[in-house]
Amino acid sequence: MMELYLDLISQPCRSVYLFAKAAGIPFEFKLISLTAGQQHSEEFGKVSMMKKVPAMKDGSFVLTESVAILKYMAQKHVSTVADHWYPADLQKRARVNEYMSWQHTSIRAQGSKVFLLRTMYRLVMGCDVPKEKMDAAVEELNQSLKMLEEKFIENKPFIAGDKISVADLVAIVEIMQPVGTGLNVFESRPKLNAWAERVKKEVGVKLFDEAHEGIMKANSLPQTLENTGVLEVMKPHFKKMFS
Ligand SMILES: N[C@@H](CCC(=O)N[C@@H](CS)C(=O)NCC(=O)O)C(=O)O
């Protein structure tokens, strides 16, 4: 059976997990705990030299990158997975691909930045986040959320049109990262909020909440990393990212 190497505190892992579960794709869940640093273990290194999750193993075929994994799963199981997840229609599929290409350097990058500033910065760097840094990061995220609403959702129920697709999953899991820190981006955005509620309903609220249980406790994440050495490893990355 196909193996998925995941930690559900990671947003790309959640998109892969939610898709497999919601579309009925069988897989074996292999936990790679990021807080325990298992991505650096020798055992996982044999699966993926990228040392990142998600990773997929189908027989001897190993694949990294969540978007590639989502497409692989949809195409492999084309006879059983409902078409709307990754539509065969040329232009609908192109719309899904368009969103998934765009999001890496926008919502994903900015949502992750806000997440790290709000949860880890203080502990890793030993000081509060300078206000202008935080404001700028939130503002960049706001610009992208506006683009998601106005360009990608428009007046449709979902990104590809009437039905949910993997693009909606990729979008929601990234947005939930800052939401997990207590930044309620839905509050002042009724359109985004209505879309998010539709996505949750289509996925199934129980499954959605189960996948997000860990990240909804994001504020207690730094404590779990204290005395593990992980924060020290993060410091040079933080300095590079936030200087
Ligand atoms: N572009 C990749 C991103 C993978 C990625 O950055 N994974 C993170 C978790 S969200 C990770 O495994 N980080 C571990 C590390 O950098 O040590 C994807 O979409 O799958």
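First listed ligand is number 1; within each ligand, the first listed atom is number 1.
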By side-chain contact (heavy atoms from CB on, under 4.5 Å) - contacts of K217 (at least two apart) = E213, S220

Sequence neighbours excluded and cut-off under 3.5 Å, please list the side-chain donor-acceptor pairs for residues 126-142, or say none.
unit_1, atom_1, unit_2, atom_2, d
D128, OD1, R122, NE, 2.5
K131, NZ, D135, OD2, 2.5
K133, NZ, F242, O, 2.4
E139, OE2, Q143, NE2, 2.7
N142, OD1, R189, NH2, 2.8
N142, ND2, V138, O, 3.4

inquiry  = Testing the 3.5 Å rule here: is there a donor-acceptor pair between the side chains of S66 and Q11?
reply    = no

May I have a table of the N/O to N/O pairs between ligand 1 and the protein that fall below 3.5 Å, each row giving the two atom names and the distance to 0.1 Å?
unit_1, atom_1, unit_2, atom_2, d
ligand 1, 1 (N), E65, OE1, 2.8
ligand 1, 1 (N), E65, OE2, 3.3
ligand 1, 6 (O), R108, NH2, 3.2
ligand 1, 7 (N), V53, O, 2.8
ligand 1, 12 (O), V53, N, 2.8
ligand 1, 16 (O), K52, NZ, 3.4
ligand 1, 17 (O), Q39, NE2, 2.9
ligand 1, 19 (O), S66, N, 3.4
ligand 1, 19 (O), S66, OG, 2.7
ligand 1, 20 (O), S66, N, 2.8

query = Heavy-atom distance under 4.5 Å between the side chains of E65 and M50, does that happen here?
reply = yes

task = Would you mind reporting whether I107 and W102 have side-chain heavy atoms less than 4.5 Å apart?
result = yes

Pairs under 3.5 angstrom only: tabulate donor-acceptor contacts from the side chains of residues 16-24 to other protein residues two or more places apart or in another chain.
unit_1, atom_1, unit_2, atom_2, d
Y17, OH, E210, OE2, 2.4

